[in-house]
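Quantities reported herein were computed from a predicted structural model and do not represent experimental measurements.
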Amino acid sequence: MVLPMSRAARAASRLVPEIPMLRRSSKQQASAAAAEEVAVPAHFVCPISLDLMRDPVTAPTGITYDRESVEGWLARGNTRCPVTGRPLRLADLVPNHATRRMIQDWCVANRSSGVERVPTPKVPLGDADAAESVASVSAAARRGDAAACGAAAARARALGKESDRNRRCLAAAGAARALAAAFARLAGERVEGGACALGDVLAALTVFFPLDDEARHCIASPASLKSLVSVMSHSELPARASAAVVLRELASSAVDGHTLEAVLRTPGMCDALVGLVRNPISTPATKAALVTAYYLVAASDSAAARFAELGAVAVLVEALVDADKGTSEKALAALDGVLCADAGLAAARAHALAVPVLVKKMFRVSDMATDFAVSALWRLCCSGDAAAAACLAEALRVGAFQKLLLLLQVGCGGVTKERASELLKMLNGSRGSVECIETVDFKGLKRPF
């Protein structure tokens, strides 16, 4: 690879999918905002979140909390009551039905002020119920009953999405392993209704990330990878998105190169990933495909060449034109990796938007986007031949010199600083013969397709 291993590893660690932070729904936010205007009674407010409690539970210390807040507190490794400091366990929490009914009555009384009634919470999943739910998935898969397996997976997914406690409970019962094993078994057997069941199992599996070693081993089997390609290419849109997300999890958590090699060797895998970016079905699916493509090209030069043969350069450049921050970062990372192949360089140099897009994304996106944009532009311009000279002239015309100069003044480090300095030296030699412009109007540029 052209990138030093340390840079590739550092960049890869920054691309690992973020763990979604807990967010209130729009209804919760509206209810909380309205409640603030009406002055919520102090005993209805959770001491942790300082919001109106929706599912109050009382600890042995006598303090009442909102279930979601206190369970999140305990899940983060805390073992003491946040108010009194006394020891506290999850099993010690008792639902406070009296307070919950009082809160609901108060919400109804203040409905005219815009306060929404707090719904009656569902009973949390117990360990025995979680074990039974997981066992039903495994039993149906062993019988080869695809319909029953898909239904059991859908139930597990619904339970896991109800609350974080349910998700943790199912995960502790081995939900990820059971679902991954069920997917591998269904993938290896041609059963009636298997395609629909595979989509249900994949959708359920996305709820229980990260995958452990056993679950990853099941998903990385040749039959499972072949089925993932089939689902990403031919199934319904939700199933295709779930398959892309599962594949991203597999690629990003690979501890060695064997898993990535197995993914790359799977027939049709690169075609399916490029197809998800060329014809987007959802933002999460597009981002997942880009992350997987990045890990593949970062691990193997042959992967970069394969993606270049499939027209990935044009697809990535087109995707970058109007991309948001997250998509831009991932597309730039994948593009920088594809440019390690000679075919990728040739395709980028022939694309009218490649250099203008890279110059545009060099600033005001993120530090990660800057790193990859500078690296990709450096690859296009550093060879010293006529094609590189044409890229230098185009970069100078669209304002790369000014942006690189500002980048060095603002500050950057490592490989990015070295390559930005090299680009400035090369561009400085071309100044005077090229008319420079400050901004790039993509609408005025003719696209190749």
Side chain of Arg167, backbone of Gly160: donor and acceptor closer than 3.5 Å?
no

To the closest 0.5 Å, what do you measure between CG (Asp271) and OG1 (Thr266)?
11.5 Å

Counting C-beta onward and ignoring hydrogens, is there a side-chain heavy-atom pair between Leu273 and Leu310 closer than 4.5 Å?
no

Would a 4.5 Å heavy-atom cut-off, applied to side chains only, mark Arg54 and Glu68 as touching?
no

Does one side chain, of Thr120 or Gln104, offer a donor that lies under 3.5 Å from an acceptor on the other?
yes

Exercise: identify the closest heavy-atom pair between Ser302 and Leu264:
OG-CD2, 3.8 Å

Does a donor on one side chain and an acceptor on the other come within less than 3.5 Å for Thr64 and Thr99?
no

Salt-bridge present (Arg100, Asp66; N to O < 4.0 Å):
no

Quick one: salt bridge (charged side-chain N to carboxylate O under 4.0 Å, His left out) pairs with a partner in residues 118-128, sequence neighbours left out?
Lys122-Glu162

Could you grab the distance from atom OG1 of Thr416 to atom CG of Asp367, nearest 0.5 Å is fine?
9.0 Å

Ignoring hydrogens and angles, tell me if any N or O in the side chain of Asp92 forms a donor-acceptor pair with the backbone of Arg89 under 3.5 Å.
yes

Would you please test Ser113 and Asn110 for side chain to side chain donor-acceptor pair (under 3.5 Å) and show each step?
CA-CA 5 Å; Ser113 300; Asn110 291 275; 4.7 Å; no

Do any N or O atoms from the side chain of Ser252 and from the backbone of Glu249 form a donor-acceptor pair under 3.5 angstrom?
yes

Does the side chain of Pro82 come within less than 4.5 Å of Tyr65's, by heavy atoms?
yes

Hey, is the main chain of Leu296 close enough, under 3.5 Å, to the side chain of Ser300 for a donor-acceptor pair?
no

Candidate pair Leu170 and Leu125, rule side chain to side chain contact (heavy atoms under 4.5 Å, CB included), full reasoning
CA-CA 8 Å; Leu170 286 164; Leu125 193 67; 3.6 Å; yes

Using modelled atom types only, decide if a donor and an acceptor are shared between the side chain of Asn96 and the backbone of Thr58 within a distance under 3.5 Å.
no

Rounded to the nearest 0.5 Å, what separates atom NZ in Lys360 from atom CG in Leu353?
10.0 Å

For Cys149 and Leu186, what are the C-alpha separation, side-chain angles and deciding distance, and is it a side chain to side chain contact (heavy atoms under 4.5 Å, CB included)?
CA-CA 9 Å; Cys149 185; Leu186 292 176; 3.9 Å; yes

For the pair Trp73 (side chain) and Arg80 (backbone), establish whether a donor and an acceptor sit closer than 3.5 Å, ignoring hydrogens and angles.
yes

With no hydrogens and no angle check, just 3.5 Å: does a side-chain donor-acceptor pair link Lys325 and Ser366?
no

Can any side-chain N or O of Asp55 pair as donor or acceptor with the backbone N or O of Arg67 at less than 3.5 Å?
no

To the nearest 0.5 Å, what is the distance between OG1 (Thr79) and CG (Leu74)?
8.5 Å

Test your reading of the model: is there a side-chain donor-acceptor pair from Lys417 to the backbone of Leu408, 3.5 Å cut-off?
no

What distance do Lys403 atom NZ and Met362 atom CE have between them, rounded to the nearest 0.5 Å?
7.0 Å

Less than 4.5 Å apart, any side-chain heavy atom of Cys412 and any of Leu407?
yes

Look at the side chain of Asp145 and the backbone N and O of Ala148, then say whether any donor-acceptor pair between them is shorter than 3.5 Å.
yes

Taking all non-hydrogen atoms of both residues into account, name the closest pair between Ser233 and Ala272 and its distance.
OG-CB, 3.6 Å

Please report the C-alpha distance between Glu236 and Arg240 in whole Å, then the side-chain angles of each, then the deciding distance to 0.1 Å, and finally whether the salt bridge (charged side-chain N to carboxylate O under 4.0 Å, His left out) criterion is met.
CA-CA 6 Å; Glu236 298 293 330; Arg240 294 173 64 190; over 6 Å; no

One should read off an interatomic distance between Leu358 CG and Leu380 CG, to the nearest 0.5 angstrom, of 6.0 Å

Quick check: do Arg168 and Glu71 have side-chain heavy atoms less than 4.5 Å from each other?
yes

Do Phe183 and Leu228 have side chains that approach each other closer than 4.5 Å (heavy atoms only, starting at C-beta)?
yes

Please confirm whether the backbone N or O of Ala288 pairs with a side-chain atom of Arg248, one donor and one acceptor, at under 3.5 Å?
no

Check: Ile63 and Val70 side chains under 4.5 Å, non-hydrogen atoms:
no

If you look only at distance, which donor and acceptor atoms sit under 3.5 Å apart when one is on a side chain in residues 216-225 and the other is two or more places apart or in another chain?
{"residue": "Arg216", "atom": "NH1", "partner": "Leu211", "partner atom": "O", "Å": "2.6"}
{"residue": "Arg216", "atom": "NH2", "partner": "Asp213", "partner atom": "OD1", "Å": "2.1"}
{"residue": "Ser221", "atom": "OG", "partner": "Cys218", "partner atom": "O", "Å": "3.0"}
{"residue": "Ser221", "atom": "OG", "partner": "Ser224", "partner atom": "N", "Å": "3.3"}
{"residue": "Ser221", "atom": "OG", "partner": "Ser224", "partner atom": "OG", "Å": "2.9"}
{"residue": "Ser224", "atom": "OG", "partner": "Cys218", "partner atom": "O", "Å": "2.8"}

Would a 4.5 Å heavy-atom cut-off, applied to side chains only, mark Thr370 and Phe363 as touching?
no

Stepwise, does the side chain to side chain contact (heavy atoms under 4.5 Å, CB included) test hold for His43 with Met102?
CA-CA 10 Å; His43 55 289; Met102 291 171 61; 4.1 Å; yes

